[in-house]
Amino acid sequence: MSTMTMDAPTAIEIDVIETSITREVPYFAVEDLHAYYGESYIVQGVSFEIRRGEILALLGRNGAGKTSTLRTIARLDDPALHQGEIWLEGKPVHRMRSHEASRAGIQLVPEDRRIIPGLTVEENLTLAQVAPAHGWELDRIYAHFPRLAERRRQEGITLSGGEQQMLAIARALARDIKLLLLDEPYEGLAPVIVKEIEKILNEIKADGITTVIVEQNAIAALELADRAVILDTGAVAFTGTAKHVLENEDLRQEYLAI
């Protein structure tokens, strides 16, 4: 009775096999994040990925953990990250402090905008470029934000709410930016100003910048975004395309009340 023998695979064949099963490294990913404010367990096992150049809408009801997730990604001290990993272009952001994450390219625009009083629009922008690494130059910023160009000598805190939001976004772009985190960018703004902010965010996307947007105006965020993650009591309840959420009334009613 004859037997068949098989030759061992060559080094080239092994390399092909290993390459075929290697998972593509995502541009940005959070994996099983758990974060606390003191004893309060806020972010409860959040995981998602973002492709380069995408806009992701991070949605949920009040108290769902959206802002806390952004703050955890930006590596702020509160909430404190107890478990999980954050990766940007293969770099372990979860091992960084907030200033290190900023230098690595993660820029957070908080809800309160944090315009520095006593400084003009241009001084706010210039101050963002005191330390390396730099992002957009002033001429490029003013080309995208003509209102700021008109008001460059005006004190930043005297701008309208919409103009302050533009300044906060522009200040983030003045840094070397790889991931833009926006917390409630439409809060308190008139619909016409929201449309102007949306136009700017689409221009930013066209420049290849990746964005996560947290917004109570879920419909506006979904119309802007490529994909969506919905949080419910600190955990991921849905991840998929923004279009799917827009077309699924039951999903919106259950988790967004819209």
Novice: Check whether any side-chain heavy atom of Lys91 lies under 4.5 Å from a side-chain heavy atom of Lys178, and answer yes or no.
Specialist: yes
Novice: Is there a side-chain contact between Glu100 and Ile106 (heavy atoms, below 4.5 Å)?
Specialist: no
Novice: Write down the atom of Ile230, the atom of Tyr255, and the distance for their closest heavy-atom approach.
Specialist: CG2-CB, 3.5 Å
Novice: Which residue, Val109, Leu76, Leu108, forms the side chain to side chain contact (heavy atoms under 4.5 Å, CB included) with Leu70?
Specialist: Leu108
Novice: With sequence neighbours left out, which residue pairs that include part of residues 140-182 fulfil the ring-ring contact (aromatic ring centres under 6.0 Å, His included) condition?
Specialist: Trp136-His144
Novice: Just by distance, with hydrogens left out, do Thr233 and Gln44 show a side-chain donor and acceptor under 3.5 Å apart?
Specialist: no
Novice: Under 4.5 Å between any side-chain heavy atoms of Ile157 and Leu159, yes or no?
Specialist: no
Novice: With heavy-atom distances below 4.5 Å as the criterion, would you say the side chains of Ile197 and Ile169 are in contact?
Specialist: yes
Novice: Under a 4.5 Å cut-off applied to non-hydrogen side-chain atoms, are Thr210 and Ile55 in contact?
Specialist: no
Novice: Would you say the side chain of Leu59 lies within less than 4.5 Å of the side chain of Leu231, judging by non-hydrogen atoms?
Specialist: no
Novice: Report yes if some heavy atom in the side chain of Arg51 is under 4.5 Å from a heavy atom in the side chain of Arg227; otherwise report no.
Specialist: yes
Novice: Would one find more than 12 heavy atoms of other residues, nucleotides or ligands at under 6.0 Å from atom CD of Glu249?
Specialist: no
Novice: List in chain and number order the residues that pass ring pair (Phe, Tyr, Trp, His ring centres under 6.0 Å) with Tyr36, two or more places apart in sequence or in another chain; answer none if no residue qualifies.
Specialist: Tyr41, His82
